[in-house]
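Right, one structure below, let's go through it.
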Amino acid sequence: MSLNDTPSGERIHIGFFGRRNAGKSSLVNAVTGQELAVVSDVKGTTTDPVYKAMELLPLGPVEIIDTPGFDDEGALGELRVKKTRQILAKTDIAVLVVDGSTGLTDCDKELITLFRERELPYIIAYNKSDLTGSEFAKDNEISVSAAENKNIFELKEMIGTLAKNAVSERRIIGDLLNAGDIVVLVTPIDGSAPKGRMILPQVQTLRDILDADAIPVFAKEGQLADALAGLARPPKMVVTDSQVFGMVSKTVPADIPLTSFSILMARYKGFLDAAVRGAAKIRTLREGDTVLISEGCTHHRQCGDIGAVKLPALLKKYTGKSLNIELSSGRDFPEELGKYALVIHCGGCMLNEREMSHRQNTAKAAGVPFTNYGTAIACMNGILKRSLGIFPDLAKELSE
């Protein structure tokens with residue numbers, strides 16, 4: 001991903017669903033104006049979800065997802081249907097592609113039920129209108145022809161209308177700042193840092209600070225004391241990478257608010273309250289409990305990896321217990337969480353808000369506490385209350 005790309009987690013995810021041979025892939029190609037998906041008269045041509053990040057006017061940055069047929073059969077078919085269900089967890093807008101020559105089937109109705117259960121905005125696109133001559137014109141229905149490019153512009157306009165409601169107005173940090181405020185950002189550069197660039201939460205936080213007309217100052221953890229001493233006035237707050245939370249808390253004076261990128265991301269993704277409650281459960285972990293540590297992205301795990309190495313070591317030191325640690329990454333988040341005593345998730349910068357909400361709700365339904373890296377690390381370093389000082393209501397809740 002280049003620095004000019006919009007991250008996947010910030011794109012509107014548009015999923016195309018339906019039965020085999022309803023014309024999903026053809027419609028995806030027509031909507032995008034590109035040959036993104038393989039098209040064939042043979043049922044089941046799309047065997048795995050196809051993802052494409054792109055600019056789609058008039059919507060802007062989106063991620064298009066072409067899914068396998070929901071009526072697929074056999075053992076492999078069941079796996080494909082399972083994949084399609086998983087796609088629903090990250091979809092912001094669903095387009096149900098119906099074969100206009102057959103109309104709504106029980107399979108289509110099952111998908112509509114799933115959309116409604118998830119409170120997922122959806123459009124029903126009756127494809128192959130060039131063959132049927134039928135017209136559907138309800139609020140969320142439209143007749144289209146992928147073959148003749150009929151009503152494709154109108155379909156995109158309908159998607160655009162729904163997209164306006166799918167965009168979150170949350171800020172990462174900008175709503176906590178005034179113009180001219182100084183914010184010090186502590187960003188370690190170690191063996192696990194990506195070469196030649198900063199990690200995404202740091203970049204996103206930087207941009208939001210600039211959008212607020214505030215002043216960002218960067219420093220590595222070893223430079224922090226000098227950076228603070230060199231400022232003409234105290235900063236509005238210090239934001240640190242979670243991995244050096246303990247060290248940074250000793251350097252930053254008590255009267256200067258301190259938090260982490262991870263805590264800000266938890267608020268931005270809408271699950272900070274749950275993360276705080278989940279972190280409080282760390283002290284109740286028992287010998288032999290299983291903890292899931294989950295990354296939203298996929299990367300090569302190195303010797304100093306925070307999820308695979310640093311967090312497990314900190315958990316063992318803090319609890320004094322021998323715990324079973326399981327790891328997941330990318331799209332492979334378990335649907336069954338009953339065996340876990342705790343889920344510790346990354347900040348979720350590469351996941352959209354709907355998918356993060358799904359993962360949190362999956363844990364909640366299983367009765368499993370859910371927190372994230374920064375909140376857990378702050379808790380285990382004894383500085384969670386301080387790191388929540390910029391959110392007085394949450395800090396008060398922690399004291400009660």
Side-chain angles (χ1 to χ4, degrees), residues 13-54 56 62-118 120-138 140-156 158-159 162 331:
H13 286 53
I14 305 169
F16 286 72
F17 301 87
R19 297 166 57 235
R20 290 173 296 165
N21 232 31
K24 296 186 300 300
S25 297
S26 297
L27 192 56
V28 165
N29 289 343
V31 167
T32 61
Q34 300 180 26
E35 296 296 320
L36 299 183
V38 176
V39 176
S40 168
D41 291 333
V42 178
K43 284 187 176 182
T45 300
T46 303
T47 57
D48 289 297
V50 176
Y51 295 82
K52 175 63 178 178
M54 62 182 298
L56 185 62
V62 301
E63 182 143 306
I64 301 291
I65 312 172
D66 183 17
T67 64
F70 199 66
D71 60 339
D72 214 339
E73 300 168 337
L76 282 176
E78 290 178 7
L79 290 174
R80 292 168 188 160
V81 170
K82 181 181 178 181
K83 284 286 187 184
T84 297
R85 288 179 177 271
Q86 291 174 345
I87 297 303
L88 286 169
K90 67 186 71 181
T91 299
D92 294 306
I93 299 168
V95 178
L96 174 58
V97 184
V98 175
D99 186 336
S101 63
T102 59
L104 283 175
T105 65
D106 289 342
C107 177
D108 297 319
K109 293 174 182 177
E110 183 181 352
L111 279 165
I112 291 173
T113 298
L114 291 173
F115 298 158
R116 290 173 175 170
E117 287 176 354
R118 289 162 170 76
L120 179 60
Y122 69 94
I123 297 166
I124 303 176
Y126 291 89
N127 196 20
K128 306 180 184 180
S129 64
D130 54 306
L131 302 178
T132 65
S134 302
E135 293 291 335
F136 296 87
K138 292 184 181 179
N140 70 327
E141 295 183 353
I142 186 171
S143 296
V144 299
S145 170
E148 296 186 354
N149 219 39
K150 178 184 176 183
N151 284 344
I152 300 303
F153 175 80
E154 288 76 9
L155 173 59
K156 289 163 68 174
M158 291 176 70
I159 294 172
L162 293 182
R331 297 171 184 144

Does [X] use its side chain to pair, donor to acceptor, with the backbone of [Y] at less than 3.5 Å?
X    : Y    : answer
T67  : F16  : yes
S143 : Y126 : no
T91  : A94  : no

Test side-chain hydrogen bond (donor to acceptor under 3.5 Å, both in side chains) applied to [X] - qualifying residues, sequence neighbours left out:
X    : value
T102 : none
E110 : R85
D108 : T105

Please find the pair of heavy atoms, one from [X] and one from [Y], that lie closest to each other, and give the distance.
X    : Y    : answer
A125 : V144 : CB-CG2, 4.2 Å
A22  : N127 : O-ND2, 3.3 Å
D92  : P121 : O-CD, 3.4 Å
K24  : G69  : NZ-CA, 3.8 Å
N21  : K128 : O-NZ, 2.9 Å

Are [X] and [Y] close enough that some pair of their side-chain heavy atoms sits under 4.5 Å apart?
X    : Y    : answer
L27  : I152 : yes
L162 : M158 : no
V28  : K52  : no
I123 : I142 : yes
I93  : V62  : no

- Give, for atom CG of D66 and atom OG of S26, the distance between the pair rounded to the nearest 0.5 Å.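 One finds 9.0 Å between CG of D66 and OG of S26.
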- Task: Could you tell me the separation between the CG atom of L104 and the CD atom of E141, rounded to the nearest 0.5 Å?
- Result: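 Between atom CG of L104 and atom CD of E141 there are 7.0 Å.
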- Sole candidate of L96, V97, V98 that passes side chain to side chain contact (heavy atoms under 4.5 Å, CB included) when paired with L111: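 Running side chain to side chain contact (heavy atoms under 4.5 Å, CB included) over L96, V97, V98 with L111 returns exactly one hit, L96.
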- Task: Using ring pair (Phe, Tyr, Trp, His ring centres under 6.0 Å) as the criterion, list what pairs up with F115, not counting sequence neighbours.
- Result: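 F115 satisfies ring pair (Phe, Tyr, Trp, His ring centres under 6.0 Å) with F17, Y122 once adjacent residues are dropped.
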